[in-house]
Amino acid sequence: MNTTHADQNLWQRNSWSCSNAIKESSYRISAALKNVGYKIPGKKITINMAPADLRKEGAAYDLSIAIGILAASDQILAENIQDYVIMGELSLDGTLQPIQGVLPIAIQAREEGFKGIILPKQNTREAAIVNSLDVYAAENIKEVIDFFNEGKTLPKVVIDTRKEFQEKINDFPFDFSEVKGQETAKRAMEVAAAGGHNIILIGPPGSGKTMLAKRVPSILPPLTLKEALETTKIHSVAGKMGRETSLMTVRPFRAPHHTISDVALVGGGSYPQPGEISLAHNGVLFLDEMPEFKRTVLEVMRQPLEDREVTISRARFTVNYPASFMLVASMNPSPSGFFPDDPNNTSSVYEMQRYMNKLSGPLLDRIDIHIEVQKVEFEQLTEKRKGEKSEQIRKRVLIAREIQGERYKDLNISYNAQIGPKEIEKFCELDSASFNLIKLAMEKLNLSARAFDRILKVSRTIADLEESPNILSHHISEAIQYRSLDREFWNV
């Protein structure tokens, strides 16, 4: 920070590129310093927040500006102030409030060779996962002043990142053993998790669609440390990290409401922030009652589903946010909530058609598995026996993912859902029985052309779950069952 002094009691900064929170920082800083026995000099102060053309937002610079003013006006010693990154929001009484985006700041501080970083106490666990950087916790600006001025110590926060990561890697709030019945749907979830396939659940209200969706993270492969750091950075920038959280150890599960806007879903705004699909990066995005979402909201997901990143362009800059997520969606079979052939269904053909048209062909083209979820019978609900645990399902998923990792090790592909036509031709060869079966299914079940590649990719995953090197006819047969929305039954 550079400061110069003149003869007027004014505060000036390159304010055209600053948010209101920064413009108003002079009032917070003045009150905070007064309450700890210091003051802003009665002169004009110019603060150079370089680079001037990059907009600064939020109150995170309060502590930086305050310490800079005290050092420049010789009210405190500043011999080694250049060795530290200092960030924090000031309350009027001088206490420090937590800020957003601490992890990327800490990573950048280490890369630029700073000795340490001084932060509000609530943010220090998040920053402490960055090794080779001293992280100091402060609760009040007076503690920071005394650290530089009198050499008093600040608490240093140290975290064993790998130990904390390993301890919480299997910490899930939900388990598949709690789901009564729905064996077919659970099997489809296992296949989807094993191949990274997007999936849509179709069933009447109360059939357990949401319950199933919430348990998907528990059977996905655990985050790698690299993925955990990447996911934590996104949540840190968005201000979604808990105060006691240092590192995200389980895959995120995001379930936005159907009233969400385009910008809130994909990210953006005048000064872009990550949206729900980026917050779901390396995890699951659940869209409950998918047809209730605005058509424009659903359509903006097409590009991220394909490219696995979001590009937000503005006049002055372009921002890329990662968005590699597994889409899990649910919907009722009809506006009345029942399947078309159910006697309780009161929806007309026109209403059914309008309801299904809310989901465009190109969007459905990116969803590999469509599974019907039937109502759970009373006998199943009252059964005492527990279902299979997520831990057991996850073991099979991990084996399938390892097979895929070995298969695609020379390609920029991690799992079956990512393969394109060229890879399908190479890795999804069919014997004569399988070929004849899929040909018959296409003709008899009136499956669409777009279903063909999806069936092959899902068949490849089913074969991997059985550790079979080749796709067999029963793999094809099962995959065909997962294309409900392509059948004539739904094309009303």
Do Met87 and Leu63 touch side chain to side chain, with heavy atoms closer than 4.5 Å? no

Side chains of His197 and Val328: closer than 4.5 Å at any heavy-atom pair? no

When you compare the side chain of Thr210 with that of Leu201, does any pair of heavy atoms fall below 4.5 Å? no

Take Ile105 and Ile117 through the side chain to side chain contact (heavy atoms under 4.5 Å, CB included) test and state the conclusion after the steps. CA-CA 9 Å; Ile105 294 171; Ile117 183 170; 3.9 Å; yes

Steps toward side-chain hydrogen bond (donor to acceptor under 3.5 Å, both in side chains) verdict (Asp288, Ser330): CA-CA 5 Å; Asp288 196 9; Ser330 74; 2.6 Å; yes

Would Glu126 and Ser236 count as having a side-chain donor-acceptor pair, cut-off 3.5 Å? yes

Heavy atoms of Ala106 and Ala127 approach each other most closely as CB-CB, 4.0 Å

Are any of the side-chain nitrogens in Glu190 or Lys186 under 4.0 Å away from the carboxylate oxygens of its partner? no

For the atom pair NZ (Lys240) and CD (Gln100), what is the distance rounded to the nearest 0.5 Å? 8.5 Å

For Leu265 and Ile277, run side chain to side chain contact (heavy atoms under 4.5 Å, CB included): C-alpha distance rounded to whole Å, both residues' side-chain angles, the deciding distance at 0.1 Å, then the answer. CA-CA 6 Å; Leu265 185 69; Ile277 62 174; 4.0 Å; yes

Assess the residue pair Val458 and Val191 against the criterion (side chain to side chain contact (heavy atoms under 4.5 Å, CB included)); give the C-alpha distance rounded to whole Å, side-chain angles, the decisive distance to 0.1 Å, and a yes or no. CA-CA 7 Å; Val458 173; Val191 173; 3.8 Å; yes

Is it true that a side-chain atom of Asn35 and a backbone atom of Ala31 form a donor plus acceptor pair closer than 3.5 Å? yes

For Ser91 and Gln97 the tightest heavy-atom approach is OG-NE2, 3.0 Å

Any cation-pi pair here, Arg254 with Phe286, using under 6.0 Å and within 45°? no

Counting heavy atoms not belonging to Lys358, are there more than 12 under 6.0 Å from its NZ? yes

Is there side-chain contact between Phe176 and Met189, with heavy atoms separated by less than 4.5 Å? yes

Approximate separation, where rounding is to 0.5 Å, of Lys233 NZ and Leu247 CG: 12.0 Å

For Asn357 and Gln353, indicate whether the former's side chain and the latter's backbone hold a donor-acceptor pair under 3.5 Å. yes

About how many Å separate OG of Ser261 and CD of Glu276, when rounded to the nearest 0.5 Å? 10.0 Å

Look only at the side chain of Glu227 and the backbone of Thr224, and say whether a donor-acceptor pair between them is shorter than 3.5 Å. yes

Within 6.0 Å of CD in Glu351, more than 12 heavy atoms from elsewhere: yes

How far does OG of Ser414 sit from CD1 of Ile419, to the nearest 0.5 angstrom? 12.5 Å

If you define the side chain from C-beta out and look only at heavy atoms, does anything of Ile129 sit under 4.5 Å from Leu103? yes

If we ignore hydrogens and angles and just use 3.5 Å, is the side chain of Arg401 paired with the main-chain N or O of Tyr415 as donor and acceptor? no

In plain terms, say whether Arg215 and Glu178 are close enough for a salt bridge, that is, a side-chain N and a carboxylate O under 4.0 Å apart. yes

Between Pro333 and Pro204, the two heavy atoms sitting closest are CD-N, 3.8 Å

Side chains of Asn416 and Thr461: is there a donor and an acceptor less than 3.5 Å apart? yes

Please check if any side-chain donor atom of Asn282 sits under 3.5 Å from a side-chain acceptor atom of Thr231, or the reverse. yes

Hey, are the side chains of Lys422 and Glu425 touching, using non-hydrogen atoms and a 4.5 Å cut-off? no

Are Asn332 and Tyr355 close enough that a side-chain donor and a side-chain acceptor fall under 3.5 Å? no

Heavy atoms of Lys121 and Ala137 approach each other most closely as CA-CB, 4.0 Å

If you compare all heavy atoms of Phe253 against all heavy atoms of Ala213, which two are closest, and at what distance to 0.1 Å? CE1-O, 3.2 Å

Quick check against the 3.5 Å criterion: does Asp175 have a side-chain atom that pairs as donor or acceptor with the backbone of Ser390? yes

Donor-acceptor pair, Glu143 side chain versus Glu139 backbone, under 3.5 Å? yes

Could you check whether any side-chain N or O of His235 sits under 3.5 Å from a backbone N or O of Leu279, counting only pairs where one atom can act as donor and the other as acceptor? yes

Could you grab the distance from atom CD1 of Ile65 to atom CZ of Arg28, nearest 0.5 Å is fine? 8.5 Å

Working for side chain to side chain contact (heavy atoms under 4.5 Å, CB included), residues Met248 and Met241: CA-CA 9 Å; Met248 294 194 67; Met241 295 293 292; 4.0 Å; yes

Is there side-chain contact between Ile371 and Ile200, with at least one heavy-atom pair below 4.5 Å? no

To the nearest 0.5 angstrom, please state how far the SG atom of Cys428 sits from the CD1 atom of Ile455. 12.0 Å

So among Ile367, Asp368, Val284, which one has a side chain to side chain contact (heavy atoms under 4.5 Å, CB included) with Leu327? Ile367

For a 4.5 angstrom cut-off between non-hydrogen side-chain atoms, does Ile29 reach Ile40? yes

Between Lys457 and Asp453, does at least one N-O distance fall below 4.0 Å, as a salt bridge requires? no

Test item: Arg251 side-chain N/O and Pro221 main-chain N/O as donor-acceptor pair under 3.5 Å: yes

Would you find a donor on one side and an acceptor on the other, under 3.5 Å apart, between the side chain of Glu292 and the backbone of Thr259? no

Candidates Arg302, Arg483, Arg454 - the one meeting salt bridge (charged side-chain N to carboxylate O under 4.0 Å, His left out) with Asp365: Arg454

Looking only at the aromatic ring of each residue, does the gap between the centers of Phe427 and Tyr408 stay below 6.0 angstrom? yes

Between Glu299 and Ser360, is any side-chain donor less than 3.5 angstrom from a side-chain acceptor? yes

Closest heavy-atom pair, Arg187 versus Leu465, reported as atoms and distance to 0.1 Å, is NH1-CD1, 3.9 Å

